[in-house]
Amino acid sequence: LSLTLLRPPHVAEKIAHRQTVRIGRTMKLQCPVEGDPPPLIMWAKDGRNIHSGWMRFRVLRQALRIKEVEAEDAGTFICKATNGFGSVNINYTLIVVEDASTGRDGAGTAGDPEYPTDLSGKLVRPRFTQPAKMRKRVIARPVGSSVRLKCTASGNPRPDIVWLKDNKPLTPEEVGEGRKKKWTLSLKNLTPENSGKYTCHVSNRAGEINATYKVEVIQRTNSKPILTGTHPVNTTVDYGGTTSFQCKVRSDVKPVIQWLKRVEPGDENKYNSTIEVGDHGFVVLPTGEVWSRPDGSYLNKLLITRAKEEDAGMYICLGANTMGYSFRSAYLTVLPDPKPQHTPIPTATSHSLPWPVIIGLPAGLVFILGTVLLWFCQSKRHCSSGGVVTAQALTALQRPPPRVPACPPSGDKDCLSYYMTQQQQLLLAQGGSGLVVPKVYPKIYTDIHTHTHSHMDGKVHQHQHIHYQC
C-alpha cells in the first residue's frame with residue numbers, strides 16, 4: 001500500500017512568479033512543493049547555489065527568506081525540489097524598487113508600516129528605528145572585504161538622509177546607483193582609501209539626527225592563513241547522531257581548507273594513504289565548499305553523520321595558501337551505543353576441532369588398543385607351554401626343598417649311586433630353576449632310559465634317567 005503513495009515532487013499551490021520588494025524590507029519566497037518521500041529543497045540565485053555563507057539569506061523548510069533587501073538582490077531565483085522519483089523547479093523573478101516618494105521633499109507613502117507618515121500634519125522629529133544594529137561604531141575590515149553601515153530612521157515628514165565621509169558628502173555613485181535615499185551604505189571591495197569616518201545626517205522640518213561610524217581598512221600583507229575565532233572546538237555526539245566541525249580562516253587570497261583525522265595506532269592498514277603531520281599519521285577527509293564571508297574570511301564545515309566509535313579521535317582543520325599553512329585541532333567524542341549488538345557467547349566446541357575428528361580420535365585409539373591386545377593374546381597362546389614351565393618353576397621355588405632320604409644300608413657304592421640319583425631327581429623336580437627362569441624354546445628333545453640294579457639280598461632297584469636337549 002505504501003508503494004502506491006510514492007510519487008515525484010509537485011507544486012501544491014498556485015504562485016506568482018514575479019515578485020516585487022522595496023529596499024530594506026524582508027522578503028519571503030515560497031516553495032510549496034510536496035512529494036513522497038518529502039523532497040530535498042535547494043535554492044539558487046542567478047545560477048549560484050545559496051548556502052549558509054549568504055548572511056542575509058536563510059533557507060527555510062518551504063521558503064527562502066531575505067532580510068534587509070538590497071538593490072543587488074534583484075534577479076532570478078530558483079527553488080529546486082528533488083526526491084528519488086523526480087524533481088520540479090519553481091522560478092521567481094525578484095524586482096527591488098526604490099522607496100516610494102511623493103513630491104520633491106521625499107515624503108513617504110501613506111500606510112508604510114516601517115516609515116509611517118502622520119497625515120494629521122503633526123511634525124515628528126527623526127529617530128533611528130533600528131538602534132540595535134548601530135551599536136558597533138568602530139569597524140575594522142581587511143582589504144578586499146565589504147561593510148554595511150545602517151542608519152534606518154523615521155519621522156514626519158519623511159526624513160532625508162545624507163552620507164558624509166570625513167565631513168564631506170559622498171557622491172551619488174559612492175552612495176550607490178544615484179538613489180535619493182539610501183538607509184544602508186554598502187562599501188564593497190574595500191581599499192585603504194576607504195578608511196575614515198562615515199556619518200549619516202538624517203533631517204526633516206522637525207529636526208535632525210546624526211550617527212558616525214569609524215571604518216578602518218587593514219592593509220594586508222602576503223602571509224600564511226590565520227585561523228580566527230575558537231573553532232574547531234571539542235565536540236561530543238551520541239552514537240548514530242550528527243555533528244559538525246567549523247573552521248574560519250583569514251587569508252589574503254582564497255585558501256585551501258582541508259580536514260584531517262589522526263590515524264590511531266593499529267589502524268594504519270585501514271587507509272590507502274596517510275600523511276605525516278608532526279609525529280602522527282593523518283588521513284585526508286573529503287572537504288565541502290569553501291564559503292567567502294563579507295568580513296574577508298573563509299568558512300568551511302566538516303559534517304559527521306551516523307557517528308560511530310571509529311569516528312572518535314583528533315580532527316585538524318588545515319588552512320593553506322602559497323605563503324604557508326596554519327592548523328588547529330579538536331577532539332570528537334562518540335558516546336557508547338545504548339543498544340549494543342548482541343554477541344553470542346561462544347560454546348565449548350566453538351574453537352575446537354571439527355566433530356568428525358572428535359569422534360574419530362577415540363575410535364582410532366580403541367581400534368589400536370584392541371589390535372595390541374589381540375596381538376598380545378595371540379602371542380601368549382603360542383607361548384603357553386613356556387608359561388606352564390615357568391609356573392611350575394615358580395611353584396617349585398615356593399615349596400621347601402625336599403629332603404633327601406638316607407642312604408640304603410647296602411654300602412658306600414650303592415649309597416653314592418643312590419645319592420646321585422636322588423640329586424638328579426631333585427634338580428628335575430625343581431625344573432633346574434634358580435633365581436633365573438630358564439628360557440623356553442619352541443622344541444625340546446628328551447631321552448628317557450631305565451637302569452636296573454640287583455643286590456645280593458634280592459632287592460632290585462630301577463632308575464630312570466631323563467635327558468633334555470634344546
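Computed from a predicted structure; not experimentally measured.
Taking NZ of K188 as the reference point, atom OG of S145 lies at 12.5 Å (rounded to 0.5 Å). Distance check, rounded to the nearest 0.5 Å: CE of M42 to CG of L64 gives 12.5 Å. To the nearest 0.5 angstrom, R141 atom CZ is 8.5 Å from L190 atom CG. Rounding to the nearest 0.5 Å places NZ of K80 at 9.0 Å from CG of N49. Distance check, rounded to the nearest 0.5 Å: CD1 of I66 to OG1 of T26 gives 9.5 Å.
Side-chain atoms of S326 come within 3.5 Å of backbone atoms of P225 as a donor-acceptor pair (strictly under, hydrogens ignored). Of the possible polar contacts, one joining the H17 side chain to the N91 backbone as a donor-acceptor pair under 3.5 Å is found. Remark: side-chain polar atoms of E13 are not paired, donor with acceptor, to backbone N or O of C31 under 3.5 angstrom. Under a 3.5 Å cut-off, the side chain of R328 and the backbone N or O of H231 do form a donor-acceptor pair.
With F282 as the aromatic partner, R262 does not meet the cation-pi criteria of under 6.0 angstrom to the ring centre and within 45 degrees of the ring axis.
Remark: of the listed residues D166, T212, N167, T212 is the sole one forming a side chain to side chain donor-acceptor pair (under 3.5 Å) with T199. Remark: of the listed residues P39, C79, P9, P9 is the sole one forming a side-chain contact (heavy atoms from CB on, under 4.5 Å) with V88.
Annotation for A16 and Y92: closest pair O-CE2, 3.3 Å, computed over non-hydrogen atoms. Scanning both residues, Y315 and G313, for their nearest heavy atoms gives CD1-O, 3.6 Å.
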- Task: Start with the C-alpha distance between L299 and Q246, add both sets of side-chain angles, then the distance that settles side-chain contact (heavy atoms from CB on, under 4.5 Å), and finish with yes or no.
- Result: CA-CA 7 Å; L299 181 67; Q246 179 175 308; 3.3 Å; yes
- Message: Applying side-chain contact (heavy atoms from CB on, under 4.5 Å) to R148 and R56, what does each step give before you reach the verdict?
- Response: CA-CA 12 Å; R148 300 171 73 246; R56 296 181 296 106; 3.8 Å; yes
- Message: Under the criterion side-chain contact (heavy atoms from CB on, under 4.5 Å), I'd like the reasoning laid out for I304 against L332: C-alpha separation, chi angles, the key distance, then a yes or no.
- Response: CA-CA 10 Å; I304 300 172; L332 175 66; 3.6 Å; yes
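Side-chain contact between S203 and I209 is absent, with no heavy atoms from C-beta onward closer than 4.5 Å.
Using bins of under 30°, 30° to 60° and over 60° for the plane-to-plane angle, the ring pair W54/F57 lands in the perpendicular bin.
Note on residues 43-55: no pairs pass salt bridge (charged side-chain N to carboxylate O under 4.0 Å, His left out), not counting sequence neighbours.
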